[in-house]
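Report on the following structure.
Given the structure is predicted, the values throughout are model-derived calculations rather than measurements. Just the heavy atoms: all of them, side chains too, but no hydrogens, waters or symmetry mates, feed the values below. The chain is numbered in sequence order, starting from 1. Read the numbers this way: they start at 1 and go in the same order the structure lists the ligands and their atoms.
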Amino acid sequence: MSHKIQTLSGYIHEYQKSVLQPEVFWGRVAESFHWEKRWDKTLEWNFEEPDIKWFVNGKLNITENILDRHLFIMGDKPAIIWEPNEPGDEAVTLTYRELYEKTNEFANAMKAKGVGKGDRVIIYMPMVPEAAIAMLACARIGAVHSIVFAGFSSSSLADRVNDCEAKMILTSDGNFRGAKKIPVKAVVDEALESCTTVESVIVFQRTGTEVTMKEGRDYWWHDVIKGQSKECKAEIMDSEDMLFILYTSGSTGKPKGVVHTVGGYMVYTYYSFVNVFQYSIGDVYWCTADVGWITGHSYIVYGPLLAGATTLMFEGVPTYPDAGRFWQIVEKHKVNQFYTAPTAIRALQAYGLEPIEPYDLSSLKVIGSVGEPINEEAWHWYHDHIGKGNCPLVDTWWQTETGGIMVSALAGVIPNKPAHASLPLPGIQPIIVDAEGNELKGNNVEGNLCIKFPWPSMLRTTYGDHERCRQTYFSTYKGLYFTGDGAKRDHDGYLRILGRVDDVINVSGHRMGTAEVENAINEHPKVIESAVVGYPHDVKGQGIYAFAICDMEGRSEENLIAEIKKTVANIIGPIARPDKVQIVPGLPKTRSGKIMRRILRKVAAGEADQLGDTSTLLNPEVVESIIESAKNAK
Ligand code: 7RM
């Protein structure tokens, strides 16, 4: 672990090196890995096309660095600890050797079904170790995984399957979440009615739920691994070959497939994991995310396992069987680093201190936050009552597109400051710009957050549509990667992330495009037009507020609102269900016909008295009736 920074002066020194000589800096980190062939050149890039290549012509397989490399001295050390949904059920530990064997066995099974290098595989699975095994098995044979969060609907799943033309789906019969048993395979079946590329589906048996298995297409996980060798030669990959695609919402209606490649992603997730969490061999690390999100990819699976860590996976939810579950697990497995989302903290905060009291949390050394800005109140609660005032709290800012943590304190190395993500990691060069793209230098400035130099784990493209990648991230400000977030650099030079400046809302740390939700609402036959905005929500950070113009004939407002919510849950998934729907006679439009969301945001936030100038509207009269009918929103 020679790359672990241990002091503030060490950080300052490393940061400086990483900016003055980025190629030397990252070359040194990359050297600690096993490469089949060393790279010729560390970096080639331009942000115009964009075209970014790290470790050019290097050849490797990421799983050799996760599995084979760790067999020698870590073979019997726990790689994954799995805590099941039911507290009474036994936890499962997989050592590095067991993970190696299970990955290879399943990789061979996938190969036997005709999947190989470059083929896309959709993973639609609950939080079981097999989800990690599935990811690694894909990486072993060079297949590109694309995980779809198992809470997404069949049509969301079908869209992703079709966009990446997946050849295989890995799924489960069902999924336990708290007191609920959720069908999973049935959702896949429904999705597959509108997909043509999928040749086989492998089903992991988790709940025993009855499922239909289509002859010649669907196979049980436990059947396909029978007789497979526990050795599988790793496919040699180019550093810039795809590792995975992960779909994420943006400001347009259609989620984009963010593409990450093997070499750079490996180097950066490892480096950032070790430094942010100050992981030491033997520690038990737990990130509560789902593998369906980027946090699960980078900081449950790849980063920790590359570092030889013990990573805990939890199948259930924070409030089952009660609001003490997280803390019970921390005590049970003596968790040393705990990484969760502000929305979970706020939800648990509402239960008070009683659920925490029975548990010994003294194993904790570092606590972390990710997914959205953490408000000061939640920060203090988390810091005082979970960290007991003596664990550094790392507020980590990053994105699906960045692949790894970009701005964060390094635990115990960089001093904390509530609600501030703080400082960039070595190798990361963030800048704040004004609307014209001028860099705002110095402290006490606020503007849009951009990154001006490439880092190893940045996205390379959006799958099947490179122009969209250029447009979305590299065209707003010439020569810069634009994050979509606003940020402030305070008087100490610490960064505070202010949230999205585009049409993306962050609901419980999950990104939703307003356009995506609007498209779903518009599917309801009685909806004529809709507009969706975010509004402050106590637990979720932001809630989804929808304004809809509807044909009311034969419907009560209440029924219609309920139907609209249901439509969205069906089309996208329950996480996109609007918190509030308001039926309106019209929407405020500019003269060019654009919806003026600024006004709707104020109404949704209950700040209709601060609307500002509405005189430029095409239809100013509609505003009064929107304000008036806000009380009927449900
Ligand atoms: C890791 C992840 C990305 C968006 C991002 C921000 C917001 C994430 C923080 C944060 C303030 C943080 N990827 N965000 N972390 N805002 N402080 N520590 O969440 O692609 O799903 O979302 O999330 O707006 O642009 S993501």
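Under the 4.0 angstrom criterion for non-hydrogen atoms, Trp293 is not in contact with ligand 1.
Two rings, from Tyr339 and Phe277, have their centers less than 6.0 Å apart. The aromatic ring centroids of Tyr285 and Phe273 lie less than 6.0 Å from each other. Taking the six-membered ring for Trp, His297 and Tyr302 have ring centres at least 6.0 Å apart. Proximity of the aromatic rings of Phe338 and Trp327 is defined here by a centroid distance below 6.0 angstrom, and this criterion is met.
For the pair Lys580 and Tyr545, the NZ or CZ position fails the cation-pi test of under 6.0 Å to the six-membered ring centre and within 45 degrees of the ring normal. Under the 6.0 Å distance and 45° angle rule, Arg468 does not count as a cation-pi partner of Tyr463.
The protein atom (non-hydrogen) at minimum distance from atom 20 (O) of ligand 1 is Thr400 OG1, 2.6 Å. Of the protein's non-hydrogen atoms, the one nearest atom 2 (C) of ligand 1 is Trp398 O, 3.6 Å. Among protein heavy atoms, the minimum distance from atom 5 (C) of ligand 1 is reached at Asp485 OD2, 3.1 Å. In this structure, atom 8 (C) of ligand 1 lies nearest to the protein heavy atom Gly371 C, 3.3 Å.
For ligand 1, the atoms closer than 4.0 angstrom to any heavy atom of Asn506 are 7 (C), 23 (O). The contact set between ligand 1 and Thr295, taken as ligand atoms under 4.0 Å from a residue heavy atom, comprises 1 (C). Near Val370, meaning under 4.0 Å from any of its heavy atoms, are these atoms of ligand 1: 1 (C). Interface of Pro373 with ligand 1, defined as ligand atoms under 4.0 Å from a residue heavy atom, comprises 11 (C), 16 (N), 17 (N). Counting atoms of ligand 1 from 1 in the listed order, those under 4.0 Å from a heavy atom of Thr396 are 9 (C), 12 (C), 15 (N), 18 (N). Each of the following atoms of ligand 1 lies closer than 4.0 Å to a heavy atom of Asp395: 12 (C), 17 (N), 18 (N). Close contacts between ligand 1 and Ile294 involve ligand atoms 1 (C), 13 (N) [criterion: under 4.0 Å to a heavy atom].
Residues Ser369 and Leu393 come closest through the heavy atom pair CB-CD2, 4.2 Å.
Any N or O atom pair closer than 3.5 Å counts here, and Ser369 shares no such pair with ligand 1.
Under the 4.5 Å side-chain criterion, counting only non-hydrogen atoms from C-beta, Ile367 is not in contact with Thr340. The shortest side-chain heavy-atom distance between Leu495 and Lys488 does not fall under the 4.5 Å cut-off.
With atom 10 (C) of ligand 1 as the reference point, the heavy atom nearest to it among Arg500, Glu372, Arg511 is part of Glu372.
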